Amino acid sequence: MSDILKIAVQKSGRLYDGSMKLLKECGIGVSNGNNQLKVTATNFPVEIYFLRDDDIPEYVQDAVADIGIVGENVALEAGKEVNRIEQLGFGKCRLSLAVPKNGNLQQVQDLEGKKIATSYPNLLSSFLRSVSVNASIHEISGSVEIAPRIGLADAICDLVSSGSTLFTNELVELQTILQSEAILISNQQLSPGKLQILERLLFRIRAVKKAQNNKYVLLNAPNDKLDSICRLLPGIKSPTILPLAEAGWSSVHSVISESDFWNVIEQLKANGAEGILIIPIEKMIA
Ligand code: PRT
Ligand code: ZN
């Protein structure tokens, strides 16, 4: 029998949509997985297992699944023996210490001897050790943010994304202890056949990620400004330059990184570029 790579994905929750979207963008077609434990892709040698996110690191370590998509926070807290393969660019959040606003806890050292509620006892205790603070950790599995109000703890250590949960509970962030996003983890002893499938999948994932981080740009420029404009748009190899029907003008096509996008656009305009069009890229294979 030929190899199949077993991928563990969160069954429902914050990472489900992003995980399924990524697999779809990698050309992996699955029929609707609702309420199924497992689906087999029709056009790529993978099976997708739908699991609770907390179980994924252990299942991957024990080879129940070969690879998994899970928050880095969950992978690090679980401390299982798995390989961390790739950051996936969604599910971004941070694990932070937070305290009641306007209270007397204002820096990490003020937590000495205090009680902190969290679902991340391992990450919290290693952080506290690293800053030599002794505090007692109260592990709870949900609604950590209400712990200070009901007198269960002096502070919390929880995931934050927009910050609105902290705000509504009159808490403020004291310190971020981890930046997290969805990552791909793998079992440490994949067979050569499975490794080969993983390599093919990674090639696709990287093309999707790269496309998301870049945009296609088209613009018109006077010919005497082409040098400076091309310096701003190095592209993959170099920009494409085509003459416009109007003499003295060219159309420039290139790829631009999302990270300093607005900066580059401003400089392009300052260098005489006109009619700038920005187009999303679907896949990018450099
Ligand atoms: O059922 P299962 O065990 O699979 O799911 P779960 O309920 O344990 O996890 P889920 O679906 O809530 O989150 C899965 C993963 O999403 C987490 O492990 C993180 O990696 C990632 N993630 C990203 C988040 C958040 N953002 C997030 N904001 N996980 C949780 N939150 C919670 C946080 O705990 C807090 O209650 O959202 C609240 C704060 O959000 P803001 O926007 O108000 O700051
Ligand atoms: Zn969970």
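In each ligand, atom 1 is the first atom listed, and ligand 1 is the first ligand listed. Note that this is a predicted model, so its numbers are computed, not measured. Values reported hereafter were calculated over all heavy atoms of this structure, with side chains retained and with hydrogens, waters and symmetry mates removed.
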Which pairs of donor and acceptor atoms, one on a side chain in residues 44-54, lie under 3.5 Å apart (sequence neighbours left out)?
from, atom 1, to, atom 2, distance (Å)
E47, OE1, Y49, OH, 3.1
R52, NH2, D54, OD1, 3.0

Original post:
Is any protein N, O or S atom closer than 2.8 Å to the Zn ion (ligand 2), and if so, which?
Top reply: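 As for protein N, O or S atoms lying under 2.8 Å from the Zn ion (ligand 2), they are D53 OD1, D54 OD1.
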Original post:
So, for atom 7 (O) of ligand 1, does the protein have a heavy atom nearer than 4.0 Å?
Top reply: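 No; the ligand atom in question lacks any protein heavy-atom contact below 4.0 Å.
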**OP:** Could I get the full list of side chain to side chain donor-acceptor pair (under 3.5 Å) partners for K11, not counting sequence neighbours?
**Re:**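 K11 satisfies side chain to side chain donor-acceptor pair (under 3.5 Å) with no other residue.
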**OP:** Please work out whether any backbone atom (N, CA, C, O) or any side-chain heavy atom from C-beta onward of T165 is under 4.0 Å from ligand 1, and answer side chain, backbone, both or neither.
**Re:**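 Contact part for T165 vs ligand 1: both backbone and side chain.
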**OP:** Mind checking whether C93 contacts ligand 1 via backbone (N, CA, C, O), side chain (CB onward), both or neither, at a 4.0 Å heavy-atom cut-off?
**Re:**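 The side chain, only.
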Original post:
Under 3.5 Å between some N or O of ligand 1 and some N or O of E72?
Top reply: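 Among all N and O atoms of E72, none is under 3.5 Å from an N or O of ligand 1.
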Original post:
Out of S12, S180, G163, G91, who gets a non-hydrogen atom closest to atom 44 (O) of ligand 1?
Top reply: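 Nearest heavy atom to atom 44 (O) of ligand 1 lies in G163.
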**OP:** Please work out which of V9, I183, N73 has its closest non-hydrogen atom nearest to atom 17 (C) of ligand 1.
**Re:**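 The residue whose heavy atom sits nearest atom 17 (C) of ligand 1 is N73.
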Subject >> Distance filter under 4.0 Å to R52 heavy atoms, resulting ligand 1 atoms >> reply: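 Checking each atom against R52, I get 1 (O), 2 (P), 3 (O), 4 (O).
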Kindly list each side-chain donor-acceptor pair under 3.5 angstrom involving residues 241-256, sequence neighbours excluded, with atom names and distances?
from, atom 1, to, atom 2, distance (Å)
S250, OG, N223, OD1, 2.6
S251, OG, H253, NE2, 3.1
H253, ND1, Y216, OH, 3.1
S254, OG, L233, O, 3.2
S254, OG, G235, N, 3.3

Subject >> Residue pair N122 / E77, side-chain donor-acceptor N/O under 3.5 Å >> reply: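 Looking only at side-chain atoms, E77 and N122 do form a donor-acceptor pair, the distance falling under 3.5 Å.
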